[in-house]
There are 2 protein chains.
Amino acid sequence: MSGARDGNGTGGRPKRPTMVDVAREAGVALRTVSRVVNDDPTVGPEYAAKVQAAITALNYRPDERARQLRTGITGTIGAAVRRIAEVNPELAAIEQTARESGLTLFAASTDFEEAREREILVSMCRQRLDGIIVEPFGENHGYLQPELDAGMPVVAMDRPMSGISVDCVMSDNASGIGTAFHHLTRYGHRRIAYVGDREQVYSGRERAAAFRAALGAHGQSLDGLVHPGEITPERVAAALDTALYGPEPATALVTGSMDTTLTVLRVLGPKAASRLAIVGFDEVPHADLLQPALTVVAQQTAKIGRTAVELLLARMADPGRPVQAVVVPLTLTVRGSGEIPV
Amino acid sequence: MSGARDGNGTGGRPKRPTMVDVAREAGVALRTVSRVVNDDPTVGPEYAAKVQAAITALNYRPDERARQLRTGITGTIGAAVRRIAEVNPELAAIEQTARESGLTLFAASTDFEEAREREILVSMCRQRLDGIIVEPFGENHGYLQPELDAGMPVVAMDRPMSGISVDCVMSDNASGIGTAFHHLTRYGHRRIAYVGDREQVYSGRERAAAFRAALGAHGQSLDGLVHPGEITPERVAAALDTALYGPEPATALVTGSMDTTLTVLRVLGPKAASRLAIVGFDEVPHADLLQPALTVVAQQTAKIGRTAVELLLARMADPGRPVQAVVVPLTLTVRGSGEIPV
DNA sequence: TACCCTCGCGATAACGTTATCTCGCAGGGT
DNA sequence: ACCCTGCGAGATAACGTTATCGCGAGGGTA
């Protein structure tokens with residue numbers, strides 16, 4: 001032993017044992033410890049035993065950072081989503097699929113802020129993660145081009161990225177809106193209104209456009225029926241006012257996102273909500289407990305999350321493969337609110 | 001130059017430029033590049049300019065792993081919670097507080113599995129994170145003792161850890177149950193039932209015990225009123241049967257967790273649920289949209305999450321400080337379901 | 001017996017960064 | 001003329017791991 005100081009004088013962290021310490025304790029070479037730690041079969045049994053004993057005696061834990069630096073791979077993928085800590089089935093599916101693939105998941109919230117999103121993505125690149133899945137929020141992702149050129153695998157989820165070309169998996173917004181619309185026509189509704197996100201964001205743009213197309217295909221005019229915009233109680237209340245209490249009131253409603261649906265229900269209040277035919281785009285937590293239970297066109301969130309990881313794995317395996325876009329259909333879940341006749 | 005190969009022949013990742021490459025490009029020493037990257041003020045302006053030019057020319061991004069290995073600090077804390085990707089206000093508060101403190105958060109789901117929890121915690125230790133916040137699930141955390149001895153800061157959230165002594169922040173289960181109970185007595189209820197989690201888990205144990213104590217303090221017998229157990233529709237239905245339709249039926253109900261509340265509402269169905277006085281322990285997503293809106297004793301989740309980070313920061317700053325346990329009171333949120341008179 | 005191969009282990013050089021030390025040079029006081 | 005100080009930059013040694021190479025012993029073959 002080279003000295004008596006085992007602890008630390010100043011109150012800083014005690015120093016952890018390293019491979020060198022284990023090697024000294026076991027009386028073998030450093031390289032042999034490494035072999036034992038990595039289950040290298042070429043190490044003799046008595047050496048392995050000595051090393052194992054030293055490891056448990058010193059409570060040695062390998063330093064993942066050093067390993068990653070040396071091997072170049074982290075075994076970790078990043079997910080930059082709008083909100084962890086909220087209901088997010090895509091993220092749950094990503095985590096599970098990643099685990100099944102032997103990868104660790106590092107998730108962070110972009111929190112609906114473009115600056116925050118950029119901060120997270122750049123940080124993930126600096127950490128040299130093996131790949132990144134991102135639910136894009138901002139409108140210009142050109143700053144990622146150098147990272148793509150450097151071989152960083154990136155997959156977009158829920159909407160495409162702007163300014164760069166990467167793999168993408170998303171819902172079929174257009175036909176989902178079509179499904180909601182036609183479901184309501186089946187119950188006799190002719191004047192059907194739409195309230196949804198503002199058209200500045202990709203999904204709001206796509207869904208509003210799809211709804212206009214559906215109205216047009218049924219020979220309906222658009223006047224007073226299509227209301228994209230900010231999801232605030234005030235704006236939604238104004239939109240509902242126009243749609244439901246105008247000269248030709250709508251008898252049914254399609255809501256363009258989960259937040260829209262919840263805000264509409266709050267603004268309408270229980271009595272009005274229970275009389276209006278509503279189909280929501282996107283699932284709502286505990287939609288079955290509402291009165292009436294909420295009919296929705298649900299995104300196949302689990303499939304989307306799983307596909308995102310699969311696309312990422314494919315790109316990690318072959319960086320040169322052509323960029324791929326996967327579109328996932330939606331499914332109608334009938335619960336009551338969408339089956340109120342005109 | 002040792003060779004002409006700039007790209008990569010076999011389809012592997014292109015090699016990223018390192019500090020050495022930047023130094024060569026800029027015609028300065030490696031150490032100078034490091035100084036520029038770290039905003040060291042002792043570097044002359046013309047050197048800084050040359051280095052910056054080289055950095056943008058090569059699209060250089062520092063390797064966080066190497067930096068962490070060298071400095072020993074990661075600037076990252078881990079959070080092992082039961083579910084990321086579910087509503088989890090504690091986790092949201094942790095993320096925000098961590099960000100405000102300049103720390104990156106690494107969150108992972110233990111997924112209600114003891115083995116998974118252990119896997120995650122050990123992995124976080126191997127990554128040498130600066131600290132760990134854990135919502136403990138398993139019943140024996142003794143395996144973490146070596147990590148604590150090695151100076152790894154750990155904070156328990158929502159319940160204490162078993163077998164080791166670490167800082168902890170949690171709700172005041174006992175007085176929360178008391179608040180729910182007394183709120184219902186104020187509306188004339190005498191026979192009040194409890195349905196909650198099984199007593200094998202810490203919170204289930206604490207809350208059932210507190211409810212028994214409340215009954216006792218009011219001179220009520222316990223028979224047929226206290227129902228801890230697995231949260232399945234079958235078990236909950238059986239418990240409700242005993243409590244509500246026995247010889248002396250209960251007129252009010254306290255539910256012991258969010259999952260319990262939701263399962264109770266599903267089992268009762270809308271009509272029965274709207275007639276029974278219910279106070280839920282723990283907030284329920286969109287409780288205001290239910291009919292009647294749900295009265296709950298809410299945990300101060302944001303405060304709990306923030307306190308967890310603060311405890312962790314305190315321990316990181318002073319590893320020798322005495323272990324601290326913080327208990328946070330709950331708050332009653334009146335919405336309707338708890339104010340139905342007997 | 002000479003030769004070559006394999007097998008098991010050890011010495012040592014990386015990985016990409018930061019920290020320590022050294023050095024050259026300019027400026028000012030004695 | 002001398003030394004001391006300070007300042008800005010470079011050479012070099014870490015951090016803890018894995019990969020490359022080499023070496024000695026043992027055994028099979030000609």
Side-chain angles (χ1 to χ4, degrees), chain A residues 2 12-52 54-55 58-75 123 125-130 150, chain B residues 2 12-52 54-55 58-75 123 125-130 150:
Chain A
S2 61
R13 281 199 190 188
K15 236 174 91 52
R16 299 194 70 128
T18 74
M19 266 192 185
V20 180
D21 300 320
V22 175
R24 194 185 325 114
E25 173 83 12
V28 301
L30 169 63
R31 186 70 184 88
T32 303
V33 179
S34 172
R35 276 189 260 254
V36 172
V37 168
N38 292 317
D39 291 323
D40 189 319
T42 72
V43 60
E46 67 273 25
Y47 279 80
K50 275 195 294 186
V51 171
Q52 284 295 358
I55 286 177
L58 297 178
N59 277 315
Y60 167 75
R61 300 281 178 277
D63 188 324
E64 190 61 27
R65 299 170 301 183
R67 178 197 179 87
Q68 289 178 7
L69 175 60
R70 181 60 236 240
T71 61
I73 60 180
T74 62
S123 165
C125 291
R126 289 176 56 135
Q127 293 188 54
R128 302 289 193 271
L129 297 186
D130 293 348
Chain B
S2 60
R13 281 198 188 188
K15 234 174 92 51
R16 300 194 70 130
T18 74
M19 265 192 185
V20 180
D21 300 321
V22 175
R24 194 185 322 115
E25 173 84 11
V28 301
L30 169 64
R31 185 70 183 87
T32 302
V33 179
S34 172
R35 276 190 261 254
V36 171
V37 169
N38 293 318
D39 292 323
D40 189 320
T42 71
V43 61
E46 67 273 22
Y47 279 81
K50 274 196 294 185
V51 171
Q52 285 295 358
I55 285 177
L58 297 179
N59 278 314
Y60 166 75
R61 300 281 178 276
D63 188 325
E64 191 60 28
R65 298 170 301 182
R67 178 196 178 86
Q68 289 178 6
L69 175 61
R70 180 61 235 240
T71 62
I73 60 180
T74 62
S123 165
C125 290
R126 289 176 57 133
Q127 292 188 55
R128 301 289 192 272
L129 298 186
D130 292 348

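A note on names: the letters A, B, ... follow the listed sequences, proteins ahead of strands, and every chain is numbered from 1.
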For A:R67, the side-chain hydrogen bond (donor to acceptor under 3.5 Å, both in side chains) test, sequence neighbours excluded, returns A:N38
Residues passing the side-chain hydrogen bond (donor to acceptor under 3.5 Å, both in side chains) test with A:T18, sequence neighbours excluded, are none
Show me the donor-acceptor pairs, under 3.5 Å and distance only, between side chains in residues 40-50 of chain B and residues at least two apart or in other chains.
unit_1	atom_1	unit_2	atom_2	d
B:D40	OD1	B:T42	N	2.9
B:D40	OD1	B:T42	OG1	2.8

Separation of D:dG8 atom P from B:K50 atom NZ, nearest Å, is 16 Å
Taken in chain and number order and not counting sequence neighbours, the residues that satisfy side-chain hydrogen bond (donor to acceptor under 3.5 Å, both in side chains) with A:N59 are none
Sequence neighbours excluded, the answer for side-chain hydrogen bond (donor to acceptor under 3.5 Å, both in side chains) partners of B:R35 is none
Reading nucleotides 12-21 of chain C from 5' to 3' and marking B where a protein heavy atom lies under 4.0 Å of the base, S where only the sugar-phosphate is that close, and - otherwise, the string is -BBBBBBBB-
